[in-house]
Amino acid sequence: MEQDQLNELMKARRQKMIQLKEKGIEPFGPGCVPTHYSADIVAQFDSLEDTNVTITGRLIGIRTHGKAAFADLKDYRGKIQIYFRRDQLGEEKYNLIELFDIGDFIAVEGSVFKTRKGEITVSVQDYRFLTKALRPLPEKWHGLKDVELRYRQRYLDLIANDEVRQTFINRSKIIQTMRDLLNEWGFLEMETPVMQTIAGGALARPFITYHNALDISLYLRIATELHLKRLLIGGLDKVYEIGRIFRNEGISPVHNPEFTSVEIYESYADYRDMMVLTEKLISECAVRVLGQSEVVYQGETLDLTPPWPRETMISIVQKYAGVDFSEISGDAAAREAARQAGLELDGKEKWGEILNLFFEAFCEEQLRSPIFVIDYPVDVSPLAKKMDSEPRLTHRFEAFMAGKEVANAFTELNDPLDQRERFERQLARREAGDKEAHMMDEDFITALEYGMPPAAGLGIGIDRVIMFLTDSPSIRDVILFPTLKPR
RNA sequence: GAGCCAUUAGCUCAGUCGGUAGAGCACCUGACUUUUAAUCAGGGUGUCGCAGGUUCGAUUCCUGCAUGGCUCACCA
């Protein structure tokens with residue numbers, strides 16, 4: 001700020017600030033609690049007409065008419081017009097409005113009336129400066145479009161673009177609704193460590209930080225999964241955590257290095273129960289926040305009303321890629337099918353990884369209306385329980401809509417011996433250079449050895465759900481301060 | 001990480017086939033007691049992202065860099 005060259009606009013505002021001080025008016029004065037919000041005055045005009053109100057807010061427009069002036073005051077709940085008259089305020093006080101700038105915060109006291117043109121207005125009997133704005137606001141007519149400014153100076157975006165403001169209000173309501181629903185359903189919100197000595201529960205590269213006193217490296221969590229399962233072992237049967245997750249990966253319209261997930265665990269349930277919970281949770285958020293269970297996302301109508309169809313990954317791959325994995329038995333045969341389909345391989349992929357590759361390459365994008373893709377291969381599901389009838393597959397599903405994943409869930413693996421084998425397989429991949437492979441977590445296996453009840457777990461990418469419910473094309477539109485390079 | 005595109009006034013944008021730039025809003029001066037994108041009269045407020053190169057001359061052409069966007073790669 002200091003090194004900023006003061007342009008004409010800023011000089012003018014500072015000059016007005018100095019003039020205020022010279023007149024004994026503090027340009028950054030104390031607060032003033034309003035009696036009403038603008039929207040309430042408009043809504044309750046019939047009962048408020050001619051009564052006195054005190055309102056506060058930011059000046060967003062001024063129209064002077066010599067001996068009278070109109071201005072628009074924007075507050076938390078909307079905006080309202082205010083009306084200044086010289087014969088009402090007295091010459092001295094009236095002339096001071098010359099020192100108003102768009103962007104200033106003021107408090108006004110006055111009576112409610114309606115103008116000739118029918119605009120509900122507060123006729124000012126007295127006013128006070130609250131805060132001088134030393135920089136000009138973005139232009140009101142076109143708003144703020146420069147995406148870089150919008151992200152770096154989100155406060156300007158929130159002032160200038162009402163739909164952005166509404167998106168973040170809805171974000172808050174959606175998360176609150178999730179909490180309400182989960183609490184209503186008997187789940188308890190938990191808080192587990194963000195800094196961990198082993199980053200587990202997902203296949204992803206973690207961020208690393210350092211603790212001075214302990215002289216150890218710590219990872220920022222990539223999932224809340226393994227700690228929440230420890231809570232099931234401890235007898236907290238139904239738990240969830242809403243919180244920030246950190247993954248040291250690329251940035252895209254659907255990926256931000258830090259994002260918000262909700263993970264939900266229910267003892268004695270299985271993945272079918274989690275499908276019912278998922279569709280209820282997401283559709284009910286839409287109903288409670290938007291008033292309907294159908295949303296339009298980027299021109300595409302998504303009907304969130306339960307139940308959503310369930311279809312196996314093998315069946316979907318057969319449908320969209322024309323390859324029937326129930327007829328393919330070994331790793332080599334699967335790789336041959338992949339080569340014929342033109343998929344790039346490094347030659348070490350297992351059957352289940354190939355099936356997943358087919359799914360990602362040919363199917364994901366096709367899944368437009370909400371659907372549960374079920375029965376994921378064990379090779380890509382190190383924490384999910386195997387199917388008894390088909391040990392190459394697990395009781396796992398992911399929910400998709402508009403071609404994007406929004407939820408992932410499975411019947412939890414609670415066999416400590418099987419879990420150890422899965423970790424060891426991941427470890428081998430890690431040693432082969434796969435930085436996203438799971439780490440060995442002895443402490444978690446020890447916990448499993450004490451016995452974890454059969455359970456199901458669910459993870460939802462909250463930011464993506466919010467994208468769908470607010471019709472936002474990029475995850476950056478639903479994260480207040482998305483990760484950017486420093487300027 | 002790769003490719004493509006963008007970066008001009010406070011904001012939204014136009015423009016210069018190479019001669020250092022313009023509009024609307026905002027802002028400044030004045031008029032105006034029911035306006036509301038107020039109106040009327042006057043005023044242009046700029047490191048044309050940064051650094052080099054070519055040139056008599058670069059905001060414009062070339063190269064590099066920075067930041068952002070999109071696509072791809074990456075990504076339970």
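What you are looking at is a predicted structure, and each value in this text was computed from that prediction instead of being measured. Letters go in sequence order (proteins before strands), and every chain restarts at 1.
- Heavy atoms of A:Tyr376 sit nowhere under 4.0 angstrom from any nucleic acid atom.
- Within the nucleic acid shown, A:Lys16 comes within 4.0 Å of sugar-phosphate atoms alone, with no base atom in reach, counting heavy atoms only.
- Using a 4.0 Å heavy-atom distance criterion, A:Leu144 is classed as a sugar-phosphate-only contact.
- Applying the 5.5 angstrom centroid cut-off and the 30 degree plane-angle cut-off, the aromatic ring of A:Trp141 is not stacked upon the base of B:G24.
- In this structure, A:Ile475 places its CD1 atom 16 Å from C1' of B:G69, rounding to the nearest Å.
- Nucleic acid contact class of A:Asp72 (heavy atoms, under 4.0 Å, all strands): none.
- B:U36 atom C1' lies 16 Å from atom NZ of A:Lys74, rounded to whole Å.
- One side chain, A:Arg396 or A:Asn408, offers a donor N or O that lies under 3.5 Å from an acceptor on the other.
- One atom, OH of A:Tyr151, and another, C1' of B:G69, lie 8 Å apart when rounded to the nearest Å.
- Among the protein residues, A:Arg476 comes within range of the sugar-phosphate backbone only, with heavy atoms under 4.0 Å from sugar or phosphate atoms but none that close to a base.
- For A:Arg116 and B:U34, a side-chain-to-base donor-acceptor distance below 3.5 Å is absent, hydrogens and geometry of angles not being considered.
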Using residues 350-359 of chain A as the side-chain source, report each donor-acceptor pair under 3.5 Å to any protein atom, sequence neighbours left out, with the distance given to one decimal.
{"from": "A:Trp351", "atom 1": "NE1", "to": "A:Ile328", "atom 2": "O", "distance (Å)": "2.9"}
{"from": "A:Glu353", "atom 1": "OE1", "to": "A:Lys350", "atom 2": "N", "distance (Å)": "2.8"}
{"from": "A:Glu353", "atom 1": "OE2", "to": "A:Arg429", "atom 2": "NH1", "distance (Å)": "2.6"}
{"from": "A:Glu353", "atom 1": "OE2", "to": "A:Arg429", "atom 2": "NH2", "distance (Å)": "3.4"}
{"from": "A:Asn356", "atom 1": "ND2", "to": "A:Glu360", "atom 2": "OE2", "distance (Å)": "3.3"}

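- Environment of NZ in A:Lys93: crowded, with over 12 heavy atoms of neighbouring residues, nucleotides or ligands closer than 6.0 Å.
- A donor-acceptor pair under 3.5 Å links the side-chain atoms of A:Arg422 to the main chain of A:Ser381, judged by distance alone.
- Within 4.0 Å of A:Leu484, counting heavy atoms only, lie sugar-phosphate atoms of the nucleic acid but no base atom.
- Under the 3.5 Å distance criterion, with hydrogens and angles disregarded, no donor-acceptor pair is assigned to the side chains of A:Glu241 and A:Thr224.
- Side chain to side chain, A:Ser38 and A:Arg77 fail the donor-acceptor criterion of an N or O pair below 3.5 Å.
- Of the candidates B:C28, B:U35, B:G68, the closest approach to any side-chain atom of A:Phe70 belongs to B:U35.
- Side chain A:Glu119 to base B:U36: a donor-acceptor pair is found below 3.5 Å.
- Summarising the geometry, the separation between CD on A:Gln81 and P on B:A37 is reported as 10 Å, rounded to the nearest angstrom.
- For the pair A:Arg152 and B:G68, the criterion of a side-chain N or O lying under 4.0 Å from OP1 or OP2 is met.
- Secondary structure note: stems in RNA chain B built from 3 or more consecutive Watson-Crick or G-U wobble pairs under 3.5 Å occupy B:1-7 with B:66-72, B:10-13 with B:22-25, B:27-31 with B:39-43, B:49-53 with B:61-65.
- Using a 3.5 Å distance cut-off with no hydrogens or angles, the side chains of A:Glu263 and A:Tyr265 do pair a donor with an acceptor.
- Side-chain polar atoms of A:Asn248 and A:Tyr219 form no donor-acceptor pair below 3.5 angstrom.
- For A:Lys145 and B:C25, the NZ to C1' distance is 12 Å, given to the nearest whole Å.
- When distances are taken from the side chain of A:Leu9 to each of B:G68, B:G10, B:U33, the shortest belongs to B:G10.
- Taking atom CZ of A:Phe84 as the reference point, atom P of B:U34 lies 16 Å away to the nearest angstrom.
- One N or O on the side chain of A:Asp415 and one on the backbone of A:Asp418 form a donor-acceptor pair closer than 3.5 Å.
- Inspection of the A:Thr483 and A:Glu258 side chains reveals no N or O donor paired with an N or O acceptor under 3.5 Å.
- Using a 4.0 Å heavy-atom distance criterion, A:Lys117 is classed as a base contact.
- With P as the reference atom, B:G10 and B:C17 are 25 Å apart, rounded to whole Å.
- Side-chain nitrogen and oxygen atoms of A:Arg63 include at least one within less than 4.0 Å of the OP1 or OP2 phosphate oxygen of B:A38.
- Under the 3.5 Å distance criterion, with hydrogens and angles disregarded, a donor-acceptor pair is assigned to the side chains of A:Arg63 and A:Gln81.
- The A:Lys485 side chain lies nearest to B:U67 when the options are B:U67, B:C70, B:C11.
- As rounded to whole Å, 11 Å separates atom P of B:A31 from atom CZ of A:Arg86.
- One interatomic measurement links the two molecules: CG of A:Asp104 to P of B:A26, which rounds to 16 Å at whole-angstrom precision.
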Under 4.0 Å protein heavy-atom contact, by nucleotide of nucleotides 71-76 of chain B - B base, S sugar-phosphate only = S--BBB
